[in-house]
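Structure, as structure tokens:
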2 protein chains.
Amino acid sequence: MLTQPTWRAHFPGLGGISDDVSRLLDRKARTVKLDKGSIIFGPGNPAENLLLLVKGTVRVQQLSEAGREIVLYRVHAGESCVLTTACLLAFEDYSAEGIAETDVEAILIPRDDFDELMSISKEFRAFVFEAYSKRITDLFLVIEEIAFKRMDIRVAQKLLELSGEDSTLHLTHQQLAVELGTAREVISRQLKEFERRNWLTLSRGVIELRNPVAIKRLADTA
Amino acid sequence: MLTQPTWRAHFPGLGGISDDVSRLLDRKARTVKLDKGSIIFGPGNPAENLLLLVKGTVRVQQLSEAGREIVLYRVHAGESCVLTTACLLAFEDYSAEGIAETDVEAILIPRDDFDELMSISKEFRAFVFEAYSKRITDLFLVIEEIAFKRMDIRVAQKLLELSGEDSTLHLTHQQLAVELGTAREVISRQLKEFERRNWLTLSRGVIELRNPVAIKRLADTA
DNA sequence: CGGCGTTCGGTGAGTTTGTCACACAAATGT
DNA sequence: ACATTTGTGTGACAAACTCACCGAACGCCG
């Protein structure tokens with residue numbers, strides 16, 4: 001589905017952009033809408049465009065041969081999916097996939113126009129490299145966590161991160177396991193232990209935080 | 001230590017580069033020599049330049065608060081240290097460091113000249129994005145391995161990778177542990193088990209591969 | 001409503017990996 | 001020759017992962 005671009009309002013990182021760049025974007029960029037659950041890119045299905053997210057979030061995760069998964073990072077509104085552009089075109093044999101976690105609205109910039117933008121706009125270059133930075137530090141963080149941190153701490157952190165203001169989480173143990181790249185049973189046992197301590201209550205598909213402070217205390221035991 | 005640039009011969013990826021880019025590189029780039037063991041960048045010591053490696057290898061590794069480490073990737077001659085450029089300038093609070101694993105000779109390109117090159121040369125842009133690709137797929141691979149693969153397999157793979165043609169490895173159990181982001185004892189026990197199977201012999205600081213075929217068979221049990 | 005397949009969660013048993021504490025051996029320095 | 005540093009071996013225990021299986025909750029449909 002195509003509509004006219006509305007990118008100006010959504011990308012503060014591209015604020016001071018010059019007029020010719022604006023014109024190029026207006027002329028070339030197209031916004032698309034994707035339903036929640038759409039697979040945006042994946043093995044055997046490389047991305048052809050740079051994606052600028054206007055609305056929604058995209059989850060990027062890695063698949064193992066044995067069928068296990070781990071969430072690598074999320075792309076939020078106002079951010080871009082740069083890794084796909086640079087990465088996926090050069091190497092096809094990667095095993096990550098991008099999934100629309102909500103309904104998504106995004107601006108597509110074709111490869112050649114991306115290249116042209118990199119050439120003509122200093123602001124665009126800064127925007128792109130900053131996006132890279134963010135992704136790469138995210139990846140470093142993931143590595144640090146799976147390599148060095150205890151599972152109970154990681155579960156506590158993820159619960160807080162996913163709950164935000166709310167104290168009611170709607171997700172299954174399996175989904176939480178994928179977030180952390182571990183097995184479902186490990187999560188079930190951790191959650192049971194937290195429940196035993198009255199930190200939360202469990203019911204099918206729902207985790208109700210009862211004592212976020214205690215959870216935070218554990219999470220901060222970095 | 002400064003010498004005149006010799007970049008032309010070393011970067012096939014920059015082969016078809018235009019004359020004005022050549023001139024810019026000749027005028028601005030400077031080569032430096034670093035002794036083995038030098039810390040090229042690290043926490044509290046961000047990189048100021050893009051590095052193009054002419055000779056030697058650079059090891060990039062992550063430090064944990066608890067003092068454990070893991071090797072993320074290596075940069076070889078003919079490659080560039082792009083992550084440092086984009087990444088380290090935007091975020092100072094990262095915890096990776098780059099170490100000269102051998103004596104190293106490299107071309108430094110200051111930040112502003114890097115930006116200019118990105119603007120004027122399509123080849124340079126391709127070179128940079130390909131470098132990004134490689135690094136990022138390396139990181140994906142690391143994540144996949146620490147999250148999903150068995151330790152004995154990873155040790156076997158790493159032994160073969162580090163040995164190359166040679167069958168004698170000069171490294172300590174601790175160094176191998178850092179390669180894989182695990183504890184020294186785990187490595188010691190794995191190696192002992194391999195020795196028991198007559199796959200290798202151990203002496204202080206030396207691992208002698210006796211049956212690389214058997215090791216490879218295990219390593220290929222992906 | 002009741003039946004039925006599917007998804008979700010709980011749990012025991014066994015294995016692998018990580019942690020801690022320490023002992024000893026080999027290299028190094030003075 | 002002796003002390004110090006560095007590398008390795010090991011036992012005991014804790015944490016994490018795997019495998020196998022169970023029953024409960026839910027969605028759907030007749």
Side-chain angles (χ1 to χ4, degrees), chain A residues 37 64-70 142-159 168-197 199-208 218-219 221-222, chain B residues 37 62 64-70 142-159 168-197 200-208 218-219 221-222:
Chain A
S64 88
E65 301 143 19
R68 268 177 57 189
E69 308 170 55
I70 182 171
V142 169
I143 290 175
E144 179 163 354
E145 301 220 315
I146 55 185
F148 303 132
K149 288 211 180 144
R150 285 213 333 251
M151 206 59 221
D152 53 351
I153 295 172
R154 296 178 59 208
V155 172
Q157 288 174 342
K158 191 55 80 175
L159 287 175
T168 306
L169 275 164
H170 289 270
L171 81 170
T172 68
H173 298 185
Q174 177 59 44
Q175 288 172 315
L176 202 43
V178 170
E179 292 286 335
L180 299 173
T182 184
R184 200 255 322 158
E185 298 91 316
V186 174
I187 298 295
S188 288
R189 281 192 251 262
Q190 286 295 343
L191 290 178
K192 255 301 175 234
E193 171 62 18
F194 289 176
E195 189 180 41
R196 200 193 56 73
R197 298 182 198 169
W199 291 1
L200 45 75
T201 55
L202 299 170
S203 53
R204 179 181 250 242
V206 182
I207 300 169
E208 185 85 24
L218 174 59
T221 314
Chain B
Q62 169 110 325
S64 88
E65 301 143 20
R68 267 175 58 188
E69 308 170 56
I70 183 171
V142 169
I143 291 175
E144 180 162 351
E145 301 219 316
I146 57 184
F148 303 132
K149 288 212 180 141
R150 282 209 340 248
M151 205 60 223
D152 53 352
I153 295 172
R154 295 179 59 208
V155 171
Q157 287 174 341
K158 190 56 79 174
L159 287 175
T168 306
L169 276 164
H170 289 270
L171 80 171
T172 68
H173 299 184
Q174 177 58 44
Q175 288 172 315
L176 202 43
V178 169
E179 293 287 334
L180 300 173
T182 184
R184 199 257 322 160
E185 298 91 317
V186 174
I187 299 296
S188 288
R189 280 192 254 264
Q190 286 295 344
L191 291 176
K192 253 304 174 230
E193 171 60 19
F194 289 176
E195 188 180 43
R196 200 192 58 72
R197 297 182 199 169
L200 45 75
T201 55
L202 298 170
S203 53
R204 177 179 246 236
V206 182
I207 300 169
E208 185 85 23
L218 175 59
T221 314

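Throughout, protein chains are lettered first and strands after them, A, B, ... in sequence-line order, and every chain is numbered starting at 1.
Checking the phosphate oxygens (OP1, OP2) of C:dT19, a side-chain nitrogen or oxygen of B:R68 falls inside 4.0 Å. Put simply, B:H173 has no side-chain N or O that comes within less than 4.0 Å of OP1 or OP2 on D:dG7. Listed pair B:T172 / D:dT6 fails the phosphate criterion, with no side-chain N or O lying under 4.0 Å from OP1 or OP2. Close to C:dG18, at under 4.0 Å from its OP1 or OP2, lies a side-chain N or O of B:T182.
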Quiz item: Would A:E193 and A:R189 count as a salt bridge (charged side-chain N to carboxylate O under 4.0 Å, His left out) if you check the C-alpha gap in whole Å, the side-chain angles of each, and the deciding distance to 0.1 Å?
Solution: CA-CA 6 Å; A:E193 171 62 18; A:R189 281 192 251 262; over 6 Å; no

Quiz item: Yes or no on side-chain contact (heavy atoms from CB on, under 4.5 Å) for A:R154 and A:I146, after CA distance, side-chain angles and deciding distance?
Solution: CA-CA 9 Å; A:R154 296 178 59 208; A:I146 55 185; 3.3 Å; yes

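Side-chain contact between B:T201 and B:V206 is absent, with no heavy atoms from C-beta onward closer than 4.5 Å. You'll find the side chain of A:D152 stays beyond 4.5 Å of the side chain of A:T221, heavy atoms only. Looking only at side-chain heavy atoms (C-beta outward), B:L202 and B:F194 stay at 4.5 Å or farther from each other.
No engagement by B:E195 is indicated, since no non-hydrogen atom pair under 4.0 Å with the nucleic acid exists. Using a 4.0 Å heavy-atom criterion, one finds that A:R150 contacts the sugar-phosphate atoms exclusively. No engagement by A:Q175 is indicated, since no non-hydrogen atom pair under 4.0 Å with the nucleic acid exists.
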List, with names and distances, any nitrogen or oxygen atoms from the protein found under 3.5 Å away from nitrogen or oxygen atoms belonging to nucleotides 23-26 of chain D.
unit_1 : atom_1 : unit_2 : atom_2 : d
D:dA25 : N3     : A:R204 : NH2    : 3.1

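Side chain of A:R184 to main chain of A:A177: no donor-acceptor pair is present (N/O by atom type, distance under 3.5 Å, no hydrogens or angles).
Spacing between atom CD of A:E193 and atom C1' of C:dT11 amounts to 15 Å, rounded to whole angstrom units. Atom P of nucleotide D:dG11 and atom NZ of B:K192 are separated by 12 Å, given to the nearest angstrom. When rounded to the nearest whole Å, the span between CD of A:E145 and P of C:dG18 equals 17 Å. Across the protein-nucleic acid pair, B:L200 atom CG and D:dT8 atom P stand 13 Å apart, rounded to whole Å. As rounded to whole Å, 9 Å separates atom P of D:dC17 from atom CD of A:Q190. One atom, CZ of A:R154, and another, P of D:dA16, lie 9 Å apart when rounded to the nearest Å. Taking atom CG on B:L176 and atom C1' on C:dT17, their separation rounds to 15 Å, with Å as the unit. As rounded to whole Å, 14 Å separates atom C1' of C:dT17 from atom CD1 of B:I146.
Considering all non-hydrogen atoms of both residues, B:I187 and B:M151 come closest at CD1-CE, 4.3 Å. The nearest pair of heavy atoms linking A:A156 to A:L218 is CB-CD2, 4.0 Å.
Summary of the strand contacts: A:L171 and A:A147 both lie near DNA chain C, and taking for each the nucleotide with the nearest heavy atom, the more 5' one is attributed to A:L171. With the nearest nucleotide of DNA chain D identified for both A:M151 and B:R189, B:R189 has the one nearer the 5' end. In this structure, B:E185 and A:V186 both approach DNA chain D, and ranking their closest nucleotides by distance from the 5' end singles out B:E185.
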